[in-house]
Colleague: 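Please see the structure below; I have some questions.
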Number of protein chains: 2
Amino acid sequence: MDLSPVAEDYLKAIYYLETENGRPVRTSDISEALDVTSPTVTSMLDTLDERELANYTPYQGVELTDRGREVVLQLVRNHRLLETFLMEYLDYSWSAVHDEADRLEHHVSDEFTRRLAAFLGEPATDPHGDPIPDADLRMPDESPYTPLTEFEPDDRVTVEQVPHRDPDVREYLSRHRIGPGTRLVVEEVSPIDLVTVVPSSTGASVALPTHVARRIGARAVTK
Amino acid sequence: MDLSPVAEDYLKAIYYLETENGRPVRTSDISEALDVTSPTVTSMLDTLDERELANYTPYQGVELTDRGREVVLQLVRNHRLLETFLMEYLDYSWSAVHDEADRLEHHVSDEFTRRLAAFLGEPATDPHGDPIPDADLRMPDESPYTPLTEFEPDDRVTVEQVPHRDPDVREYLSRHRIGPGTRLVVEEVSPIDLVTVVPSSTGASVALPTHVARRIGARAVTK
DNA sequence: TGAAATAATTAGCCTAGTCTAACTCTTCGG
DNA sequence: CCGAAGAGTTAGACTAGGCTAATTATTTCA
């Protein structure tokens, strides 16, 4: 194996694009996600295909092989355990952990991750509410949280899961005091791609585009 | 700044060679320490000189600038705090921490290190007994331990500081159960570059070449 | 002190990962 | 169903960090 952090980032990008977009991953998707030009992507896809980490058909798209998916799941495990440690023991804020974990995930050994998991008590989810793959890289069952888009006006909920990989989304939510544990009331779920909510801590109405609200997981407060 | 891990490793090597060998650091010293060929060293020395991290005079040798030394002290701080964390919280053995810390030291942010130091209680030394530079990169006073070579036969001592950067030395000491906290009796300090000691845990005599014994720091047990 | 031995540098090549410019598929609209 | 438009690939160049082979400094010692 012995993969460069750069190659690992391409595999991660393919992994997330596969699940998020639901369609074959195209060169331009990756080039946009990683902010590199498309010829650069093409040449890396050749490499990943050769190493049997991805199946790449020129002009047609790319998908991960089982081996490629394994590499990504180990990275996801590293990342989410690191985030848990950073928040619980080093007092990082939920919006600050991502960048640190994104760098370190490539450099910790499997041994480190095993020991860190034991130290943290083998957690099944990270502080953003995302599931942590176990030592055999099995992803726990889908999170039991409900997307914010599924609630009705006046529902009172607790936020359990927040999207945080996009720095702009992260900054916006953080600025409006929406994070794991936030209590809020759903104000409106509009068909024009907008959800408005009122965090109880601020009382100020916050507008969320549907693509963001859909990725906020919450639990109804049975008041 | 924004230095590659590779460039950082060259700076570290120069730092240690400066203090250990006491003479101007030569190309071949570095090439041996890092296991690269000498032309490779020459070209990196050009780069470091250009970046004002080292003063390099062709054919004459190289020494760190203040900026170069600062970079190294930050790495040393990262390294020793990481080792402390790995041993105290993740149950790594003293002989196993080095490699993990050596990789991670290049990738943790200053913010991470600040927070880790706070979490660990701002320790002044690491578990090998080596001093940890403070947040302003000042190295604490020299360690108060006495080199094993300064003791006399029959002296009873506790080991406080062990050399651990060389894997062979590390393996040897570890195999003979000599580590931080080990109690032992000095058997002989021979003029032919040999010190023999008897750890009380095993009772078996262990021979140490002077260059190793000189770097083992110990404290007399006032029995 | 001068030649041999040793150390260091220069020259030139390689790979990974990046870019721009130019060319070639695919796809979609008329 | 064919020709732009747009997406993707190929060609060729660049940088960092390696290497080997050849050349040049320095040092040592007879």
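Below, read A as the first sequence line, B as the second, and so on, with proteins coming before strands; counting in each chain starts at 1.
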Colleague: Do the side chains of A/Glu111 and A/Arg114 get close enough for a salt bridge, i.e. N-O under 4.0 angstrom?
Modeller: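 A salt bridge is present here (some side-chain N lies under 4.0 Å from a carboxylate O).
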Colleague: What is the distance, to the nearest angstrom, from the CD1 atom on A/Ile30 to the P atom on C/dT18?
Modeller: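 For the pair A/Ile30 CD1 and C/dT18 P, the rounded distance is 12 Å.
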Colleague: Is it true that A/Thr65 and A/Asn55 share a donor-acceptor pair across their side chains at a distance under 3.5 Å?
Modeller: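 No - no donor-acceptor pair under 3.5 Å links their side chains.
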Colleague: Round to a whole Å and report the spacing from CD of A/Gln60 to C1' of C/dC25.
Modeller: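 Going from CD in A/Gln60 over to C1' in C/dC25 covers 9 Å.
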Colleague: Scan side-chain atoms only and decide if B/Thr40 and B/Thr37 contain a donor-acceptor pair under the 3.5 Å cut-off.
Modeller: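 Yes.
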Colleague: B/Phe119 and B/Tyr89: aromatic ring centres closer than 6.0 Å?
Modeller: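 For B/Phe119 and B/Tyr89, the ring centres are under 6.0 Å apart.
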Colleague: Assert yes or no for the condition that the ring centre distance of B/His107 to A/His106 is strictly below 6.0 Å.
Modeller: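 Ring centres of A/His106 and B/His107 not closer than 6.0 Å.
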Colleague: Looking only at heavy atoms, what is the nearest atom pair of A/Glu105 and A/Leu82, with distance?
Modeller: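 Here A/Glu105 and A/Leu82 meet closest at N-CD1, 3.7 Å.
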Colleague: Whole Å only: how far is the CZ atom of B/Arg26 from the P atom of C/dA7?
Modeller: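 Whole-Å distance recorded here is 7 Å.
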Colleague: With a 4.0 Å cut-off on heavy atoms, is A/Thr47 in touch with a base, just the backbone sugar-phosphate, or nothing at all?
Modeller: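 Answer is nothing: A/Thr47 stays at 4.0 Å or more from every strand.
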Colleague: C/dA16 P sits how many Å from A/His106 NE2, rounded?
Modeller: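 Going from NE2 in A/His106 over to P in C/dA16 covers 19 Å.
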Colleague: When you list every nucleotide of DNA chain D with an atom under 4.0 Å from a heavy atom of chain B, which one comes first 5' to 3', and which comes last?
Modeller: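 Listing 5' to 3', DNA chain D meets chain B from D/dG17 to D/dT26.
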Colleague: Look at all strands and tell whether B/Ser28 reaches a base, only sugar-phosphate, or nothing, counting heavy atoms closer than 4.0 Å.
Modeller: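 B/Ser28: backbone/sugar contact only, no base atoms under 4.0 Å.
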Colleague: What is the separation between atom CE on B/Met44 and atom C1' on C/dA8, rounded to the nearest whole Å?
Modeller: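 Atom CE in B/Met44 sits about 17 Å away from atom C1' in C/dA8.
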Colleague: Among C/dC19, C/dA8, C/dT26, which nucleotide has an atom closest to any side-chain atom of A/Thr37?
Modeller: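 Comparing C/dC19, C/dA8, C/dT26 against the side chain of A/Thr37, the answer is C/dC19.
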Colleague: How many Å lie between CG on A/Asp46 and P on C/dT15, as a whole number?
Modeller: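 Rounded to the whole Å, the gap is 16 Å.
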Colleague: Mind checking A/Thr27 for me? I need base, sugar-phosphate or nothing, with any heavy atom below 4.0 Å counting as a touch.
Modeller: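 Sugar-phosphate contact only - A/Thr27 comes under 4.0 Å of backbone atoms but never of a base.
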Colleague: Mapping A/Tyr10 and B/Val41 onto DNA chain C by nearest heavy atom, which one lands closer to the 5' end?
Modeller: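 Counting from the 5' end, the first nearest nucleotide belongs to B/Val41.
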Colleague: Using whole Å, what does the distance between atom P of nucleotide C/dT15 and atom CG of A/Leu3 come to?
Modeller: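 Atom-to-atom, A/Leu3 to C/dT15, this comes out as 18 Å.
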Colleague: For DNA chain C, whose closest nucleotide is more 5', that of A/Tyr59 or that of B/Pro39?
Modeller: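 Here B/Pro39 is the residue nearer the 5' end.
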Colleague: Side-chain donor-acceptor pair under 3.5 Å between A/His128 and A/Glu83, yes or no?
Modeller: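 A donor-acceptor contact under 3.5 Å links the two side chains.
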Colleague: Would you kindly give the CG-to-C1' distance between A/Leu53 and C/dA16, to the nearest whole Å?
Modeller: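 To the nearest whole Å, that distance equals 15 Å.
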